[in-house]
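Structure, as structure tokens:
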Amino acid sequence: MPEVLTHLLQPGELRGDSKQIYNGLDCCVTFEVHSELQRLFNAESLIYNFERALQGPALEMMMRGFRVDQYERQSGIAALTKSIDKLNNVLQRYAHAVWGKPLNPRSTKQLQEFFYSAMRMPEIWISQKGVRKLSMNRETLEKLEIYFHAMPIVAVILAIRDLSKKREILETEVDADGRMRTSYNIAGTETGRWSSSSNAFGTGTNLQNIPPRLRKIFIADDGWKICGIDLEQAESREIGFLCGVLFGDWSYLDACEGGDLHTTTAKLVWPHLAWTGNRSDDRAIAEQIFYREFSYRDMSKRGGHGTNYYGTPWTMSRHLKVPVGVMVNFQRDYFGAYPCIPRFHRWVAQEIQTKQYLETFFGRGRHFFGRPNDDTTLREAIAYCGQSPTADRLNLAMLNIWKEMGTVVRLTAQVHDAVYFQYRVEDDEAAIIKRALELIQIPMTSPSGRVYTIPGEAKVGWNWGNAHNPSKPLGPNNEFNPNGLTKWKGSDARTRQSGLDRVL
DNA sequence: GACCCCCGCCAC
DNA sequence: AAACGTGGCGGGGGTC
């Protein structure tokens, strides 16, 4: 009970007018918390003041919302429903043949009974947090798929799940004015990232996990055009800079800044390939197949990211669907190429074991309450070093854009390492994007004098999806979208195609 | 019917 | 043996 009230209450008093008293107590708790926060977050508290400042752009985006093409959305729902119904009819025919009753593809319980009891297939167990589980996730179902009599059933189940997930998003309630309003939580994460969710009125949804293929339903306001700027290789560069500052080892940041990190990594990990030194030749070599559908470059990209974050060969081999031995060798060679990475891991372990605390170059600290010797704690701390500065960098840049360009641009969305805004089509597009790209950069200087910044990459268009590449055949990975976002190269010769936002 | 947890799965 | 991190959502299925 808050101290301020204890002397006012006698034992047993809460039994009487308890609701009013509880209410009073709650107010007192709030007051006591406020007093403590006042003490902690004084004028010197950089991060606290920063978070408060971010309320401006956050509230503006939340109140404005993102315009949705209702026709596009409804026709998407209709098309998906049709496909789902068709697939479901097929599934139910199988289900009745096998066990004489329906099967819900989203029910883990029913799927277990169906495959392991009715179809008598061998059980596939996985372990999560030390607990063995009879999962029915995609990975498990793909293992069941190798049995020929299960193959068509599994394929249908996975397809239904996939399409249902897409339909869920399209079915999210849009406000009466045809705009989707998300709720951004500025201070909801451990790292300084924002989170996003449905809003206080129950409409909208998380706008930070919309699959790329569905983004084209979000469109620019009439007379406005969308620009998106993302920070290139942001988390990798943050770690590269940290390694340089801590150890004077700039090899990883050099690789990031060299232009093509993943090809560079591939050259270091597989030095015996016929590298020429010519950038496009070497990229072509890196894009040759290494294992199954993975090129050397793919392996470098996905394997590098996982390895930076202390992923084990076992887990990464599962994720990349390659044998464990492949990942063991990859990591050995990767650590050989960038010795600052394992050194960085050891440094983080030392820090959390001695201080249980880390602070980024943006001044954001985090206490680690997990057991200091636990790998889980170490992994959280390693991830913090990349994720947190990226979040602060993007948000600081966004705040600067909002402050300086607030009359010229309308902020539209924030997606962790990318910010989207709109500008008037009659305005000087090149000048606006040039200035925004300048503001996105937050230079830092290492104690040794090296200047470090993360460049932004801009895209422009009239809807949030990616434009199709006209020089490649249309297909599932190149869907027709002439109004979509294209990479900004100083100009954009296109004009908005009316009615074509509506093509799904 | 409200509530809750688990599961599977989407993003960066 | 098996945990790369940060999040949010909807459905299933249980309890009250």
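To find a chain, count down the sequence lines: A is the first, B the second, and so on, and within it residues start at 1.
In this structure, A:Leu170 atom CG and C:dC9 atom C1' are separated by 14 Å, rounded to whole Å. The CE-C1' distance, from A:Met180 to C:dC9, rounds to 12 Å in whole Å. A:Trp194 has its CH2 atom 14 Å from the P atom of C:dG8, to the nearest Å. For the pair A:Arg379 CZ and C:dA2 P, the computed distance is 13 Å after rounding to whole Å. Between the CD atom of A:Gln112 and the C1' atom of C:dG12 there is a distance of 12 Å, given to the nearest Å. Taking atom NE2 on A:His305 and atom P on C:dT6, their separation rounds to 13 Å, with Å as the unit. Rounding to whole angstrom units, CG of residue A:Asn395 and P of C:dT6 are separated by 18 Å. Atom CD in A:Gln110 sits about 9 Å away from atom C1' in C:dG12, given to the nearest Å.
Distance check on atom P: B:dG8 versus C:dA1 gives 23 Å, rounded to whole Å.
At least one donor-acceptor pair under 3.5 Å links the side chain of A:Asn478 to the backbone N or O of A:Asn469. Judged by distance alone, with hydrogens and angles left aside, the side-chain atoms of A:Thr203 form no donor-acceptor pair with the main-chain N or O of A:Glu173 at under 3.5 Å. Between the side chain of A:Arg193 and the backbone N or O of A:Gln387 there is no donor-acceptor pair closer than 3.5 Å.
As judged by a 4.0 angstrom heavy-atom cut-off over every strand, A:Asn104 is placed among residues touching the sugar-phosphate backbone only. Nucleic acid contact class of A:Asp230 (heavy atoms, under 4.0 Å, all strands): none. As judged by a 4.0 angstrom heavy-atom cut-off over every strand, A:Ser198 is placed among residues touching the sugar-phosphate backbone only. If you check every strand for non-hydrogen atoms under 4.0 Å, A:Thr390 touches nothing. Across all strands, A:Arg366 comes closer than 4.0 Å only to sugar-phosphate atoms, never to a base (heavy-atom distances).
The stretch residues 92-100 of chain A has no heavy atom under 4.0 Å from DNA chain C, so no residue of it qualifies as close. Residues of residues 327-354 of chain A that place a heavy atom closer than 4.0 Å to DNA chain B do not occur.
With sequence neighbours left out, A:Phe247 forms a ring pair (Phe, Tyr, Trp, His ring centres under 6.0 Å) with no residue at all. Residues that satisfy the side-chain hydrogen bond (donor to acceptor under 3.5 Å, both in side chains) test with A:Glu287, not counting sequence neighbours, are A:Arg283. A:Tyr147 is linked by a side-chain hydrogen bond (donor to acceptor under 3.5 Å, both in side chains) to nothing, counting only residues two or more places apart in sequence or in another chain.
Counting only residues at least two apart or in different chains, salt bridge (Lys or Arg N to Asp or Glu O under 4.0 Å) contacts with residues 329-352 of chain A comprise A:Glu351-A:Lys355. Sequence neighbours left out, not one pair with a member in residues 93-102 of chain A passes salt bridge (Lys or Arg N to Asp or Glu O under 4.0 Å). Contacts classified as salt bridge (Lys or Arg N to Asp or Glu O under 4.0 Å) and involving residues 50-64 of chain A (residues at least two apart or in different chains) are given here: A:Glu51-A:Arg364, A:Glu60-A:Arg64. Among residue pairs with one or both ends in residues 299-310 of chain A, those qualifying as side chain to side chain donor-acceptor pair (under 3.5 Å) are A:Glu235-A:Tyr309, A:Tyr252-A:Asn308, A:Thr307-A:Gln331, A:Asn308-A:Tyr334; sequence neighbours excluded. Among pairs with a residue in residues 150-180 of chain A, none fulfils ring-ring contact (aromatic ring centres under 6.0 Å, His included), at least two apart in sequence or across chains. Applying the salt bridge (Lys or Arg N to Asp or Glu O under 4.0 Å) test to pairs two or more places apart or on separate chains, those with a residue in residues 456-465 of chain A are A:Glu457-A:Lys487.
Contact check, A:Thr312 against C:dA2: no side-chain N or O comes under 4.0 Å of OP1 or OP2.
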Quick one, give me the B/S/- string for nucleotides 2-12 of chain B, reading 5' to 3', where B means a protein heavy atom under 4.0 Å from the base and S means that only happens at the primed atoms, P, OP1 or OP2. -----SBBBSB

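In this structure, A:Lys109 and A:Ser197 both approach DNA chain C, and ranking their closest nucleotides by distance from the 5' end singles out A:Ser197.
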